[in-house]
There are 2 protein chains.
Amino acid sequence: MPVTIYDVAREAGVSMATVSRVVNGNPNVKPATRKKVLDVIEKLGYRPNAVARGLASKRTTTVGVVIPDISSPLFAELARGIDDIANMYKYNIILGDSDQNVEKEISLINTLLEKQVDGMVFMGGAITPEHTRTFTTSSVPIVLAGTRDPEGKLPSVNIDHFQGAYDATTRLINGGHQKVAMITGPLENPLRGRERYEGYLQALKDAGITPREEWIRSGEFRYESGLELAQYFLDLDEDLRPTAIFAGSDALGIGAIHAVQDRGLSVPDDIEVMGFDNIRLAEMVRPRLTTVVQPIYDIGAVAMRLLTKLMNGEDVEQDDVVLPHRIEERNSTRPLSSSANK
Amino acid sequence: MPVTIYDVAREAGVSMATVSRVVNGNPNVKPATRKKVLDVIEKLGYRPNAVARGLASKRTTTVGVVIPDISSPLFAELARGIDDIANMYKYNIILGDSDQNVEKEISLINTLLEKQVDGMVFMGGAITPEHTRTFTTSSVPIVLAGTRDPEGKLPSVNIDHFQGAYDATTRLINGGHQKVAMITGPLENPLRGRERYEGYLQALKDAGITPREEWIRSGEFRYESGLELAQYFLDLDEDLRPTAIFAGSDALGIGAIHAVQDRGLSVPDDIEVMGFDNIRLAEMVRPRLTTVVQPIYDIGAVAMRLLTKLMNGEDVEQDDVVLPHRIEERNSTRPLSSSANK
DNA sequence: TTGAAAGCGCTAACAC
DNA sequence: GTGTTAGCGCTTTCAA
């Protein structure tokens, strides 16, 4: 019983085509006709059926978003970037949590494709051959945000995680440290895990420091992990005990700060801590966390913008976007100048 | 050129109806036929078109979600609760950020309705007559999560904010405090703002304490606000200066803790702080924040569950759900026993 | 257990 | 500027 385009046409004494034209803002309608139709639409409370429109036009103005966990601050901010740009281009997003579980991811992608999304942004961990296979069956563009396709076929937007970790570690070393430890999440995670770890290692080597197995602990990218992993360092013998900790994520870093503080030690006086990501929390602890700033919102926004271009069939010069990162100096590290004369 | 149900039917030598039956798990299909069809589906890589299905069946298995800001920890967790239950019942969610802006909210609701969602969960601030009017035009059920309809017409799920604030304030008073201040967000917000404020006032009155204008500061429900508003108290004369602060949200509470600490004072020794909401951050500060626990995830989950019932046309005994709250004692307040002999 | 056929509400040529 | 007419890909009676 909802009112259809046909009802409007009849009531206004015009054809469905004309109603369709005014609804879609087609200029080829006489102003008088347009007004008449608009009045009837108003009067009848007509609401166009987007599903019917989608079937007829083969465009749904909806994009799919696969996200590991919307309740994670990092991903929530990414999602916000995506949604803002999506809206700007009149798209809505269908959002689904995957928990980085391959099976869920694949199933979600298929569901999204069945729902005829016009495109998709995918956030996750590793891109497996199974992902690639599924992506291949898609007739609509897909862009990766915060992940990269090992084969480099798919468009993506990221930062240079290796370089970020390298810079962070080097910064710590320049602060006078020789014993720089790292805590991280699963190394199986190619970007947040592996690349950051490699960057750390490389920085040590380039500084002539031999990495030690005792300086590297991995768990999850979570606060509790940071709390726990950092304890290990504090129990090490004096000569081995790290004086600086590079955390593979801010949540880990904040956990590390608290682990140190819970022992009655001071950050940064006894141990300096460096984070990675710059989630909002980084400013909401004491001391405030020095960290590698990743433009999280922008990654989402740029990914969505890239997707709109792809959906429009525009060529994109660069479809493997690398956004800049930088280190934000806060209080979990000592200022460089003063630590120089340490 | 994608393969359609018709292609499958032809290739399998059956009718579209039969293919439709096997795809939809209708049992009235001979096993042999089913297998044949399934094989063809596999072989052709057939993917049902959910848009066409939606048009024909008038069900999209999609629900709309209006959220103020997905990048806020509170709402992100609510959203996760919604999505999990939605998935459990085979629904997907279309998510849209409204920034609590009435115009955006209305427009979003209309878009969602055009997209033929089977139902909707709405999160926001105040429900204005304009909201009510728009909701009325909906032929699908709508449930409010974390908001209540002043007229009490719409189904909703909440906690008792007044009581939560009352309990929190009373707890502080029982801890030996007479000068209990409150910092809050906008009082125009009916539940998080107004009701919590009223609960605070009532608790003071019931304890025979006369509320003072100086003890109440309002800003936004944000960390920065907490930092700023709490400063005001610290500058008050000794006889007026609060010894306990009740924060209308955890973000505010954490800000207050830092404001106190930044003055070189101690929480809870010099000033006790109580939060509200129990976002994950509450455990990620030192001292850990004592707070009124609101079952955030569950509010989302219960709201979605309620929506599924409504969408199924099941009767629901109670459509104005009030979930329990409790106070989680952490370290921003002193234990009650020891403060008793203060 | 299966098939035929009539839509679902709209867009998109194409003709006038 | 406006109307006619096919579909879009599927579900759903209704018959058989």
Side-chain angles (χ1 to χ4, degrees), chain A residues 1-38 40-41 44-62 90 110-111 113-118 139-140, chain B residues 1-38 40-41 44-62 90 110-111 113-118 139-140:
Chain A
M1 43 231 66
V3 6
T4 72
I5 198 175
Y6 178 77
D7 300 321
V8 176
R10 194 162 30 73
E11 183 77 13
V14 300
S15 72
M16 290 164 50
T18 299
V19 178
S20 176
R21 287 188 187 98
V22 347
V23 168
N24 293 296
N26 183 317
N28 291 4
V29 181
K30 198 174 8 170
T33 314
R34 178 185 308 281
K35 177 166 182 356
K36 187 171 52 181
V37 172
L38 252 14
V40 173
I41 286 178
L44 264 38
Y46 169 64
R47 183 149 33 206
N49 181 324
V51 171
R53 171 184 292 160
L55 182 59
S57 70
K58 302 184 167 310
R59 291 192 64 237
T60 56
T61 59
T62 302
K90 308 293 181 202
N110 281 316
T111 302
L113 259 15
E114 287 186 4
K115 296 219 169 173
Q116 311 299 121
V117 294
D118 293 335
S139 56
V140 298
Chain B
M1 47 239 69
V3 7
T4 72
I5 198 175
Y6 178 75
D7 300 322
V8 176
R10 193 163 30 74
E11 183 77 14
V14 299
S15 72
M16 289 164 54
T18 299
V19 178
S20 175
R21 287 188 186 98
V22 348
V23 168
N24 294 296
N26 184 317
N28 291 4
V29 181
K30 195 170 19 165
T33 314
R34 178 185 307 282
K35 175 164 184 359
K36 188 171 51 179
V37 171
L38 252 14
V40 174
I41 286 178
L44 264 39
Y46 169 65
R47 181 148 38 205
N49 181 325
V51 171
R53 169 183 295 161
L55 181 59
S57 70
K58 300 182 167 314
R59 290 192 65 237
T60 55
T61 60
T62 302
K90 308 292 181 203
N110 281 316
T111 302
L113 259 16
E114 288 186 3
K115 296 219 169 173
Q116 310 300 120
V117 293
D118 294 334
S139 56
V140 297

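Lettering of chains follows the sequences in order, A, B, ..., and the numbering in each one begins at 1.
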### side-chain hydrogen bond (donor to acceptor under 3.5 Å, both in side chains) partners for A/Thr111, two or more places apart
none

### Query
Just checking, any donor-acceptor pair under 3.5 angstrom between side chains of A/Lys115 and A/Thr60?
no

### Task
May I ask you to verify if any side-chain N or O of A/Thr18 is less than 4.0 angstrom from the OP1 or OP2 atom of D/dT2?
no

## Note on the structure
note: B/Tyr46, atom OH; D/dG9, atom P; distance rounded to Å ~ 10 Å

#### Entry: Side-chain donor/acceptor of A/Asn26 to backbone N/O of A/Val22, under 3.5 Å
no

### Query
Side chains of A/Arg47 and B/Asn110: do they bring a donor and an acceptor to under 3.5 Å?
yes

### Query
Does a side-chain heavy-atom distance below 4.5 Å link B/Lys90 with B/Thr61?
no

### Task
Ignoring backbone atoms, test whether B/Thr4 places a side-chain nitrogen or oxygen under 4.0 Å from the OP1 or OP2 oxygen of D/dG9.
no

### Query
Could you state the CD-P distance from B/Gln116 to D/dG9, rounded to the nearest angstrom?
19 Å

#### Entry: Whichever of B/Gly13 and A/Pro48 has its nearest DNA chain C nucleotide further upstream toward 5'
B/Gly13

### Task
Spell out, as yes or no, whether a donor-acceptor pair under 3.5 Å connects the side chain of A/Thr33 to the backbone of A/Val29.
no

### Spacing of A/Asn28 atom CG relative to C/dA15 atom P, expressed in whole Å
17 Å

### Query
Between C/dG7 atom P and B/Met16 atom CE, what is the distance in whole Å?
15 Å

### Query
Where along residues 53-61 of chain A does a heavy atom fall under 4.0 Å from DNA chain D?
A/Leu55, A/Ala56, A/Lys58

### Whole-Å distance separating the CD atom of B/Glu114 from the C1' atom of C/dC10
13 Å

### Task
Scan B/Asn49 against the nucleic acid and name what it touches under 4.0 Å (heavy atoms): base, sugar-phosphate only, or nothing.
sugar-phosphate

### Atom-pair distance (CZ on B/Arg34; P on C/dT1), nearest Å
10 Å

### Query
Contact class for B/Val51 (heavy atom, under 4.0 Å): base, sugar-phosphate, or nothing?
nothing

### Message
Taking B/Met16's backbone N and O only, do any of them form a donor-acceptor pair with B/Ser20's side chain (distance below 3.5 Å, no angle check)?
### Response
no

#### Entry: Five-pair end axes of the helix from C/dT1-D/dA16 to C/dC16-D/dG1, angle between them (10°)
30°

### Task
Please report, rounded to the nearest Å, how far the P atom of C/dG7 is from the OH atom of A/Tyr6.
12 Å

### Length of the CZ-P vector between A/Arg10 and C/dG9, whole Å
13 Å

### Task
Look at the side chain of A/Arg21 against the base of D/dG3 and say whether a donor-acceptor pair falls under 3.5 Å; ignore hydrogens and angles.
yes

### Query
Are the side chain of A/Asn24 and the backbone of A/Arg21 linked by a donor-acceptor contact shorter than 3.5 Å?
no

### Query
Counting side-chain heavy atoms from CB outward, which of C/dT11, D/dC10, C/dA13 is closest to A/Ile5?
C/dT11

### Message
Can you tell me if A/Ser20 touches the phosphate of C/dT11, counting only side-chain N or O atoms and a distance under 4.0 Å to OP1 or OP2?
### Response
yes

### Message
Here's a test for you: under side-chain contact (heavy atoms from CB on, under 4.5 Å), which of A/Val14, A/Val3, A/Val23 qualifies with A/Val8?
### Response
A/Val3

#### Entry: Sub-4.5 Å side-chain heavy-atom contact between A/Val40 and A/Tyr46
no

### Residue B/Ala17, side-chain heavy atoms: nucleotide from D/dG9, D/dT11, C/dA4 that is nearest
C/dA4

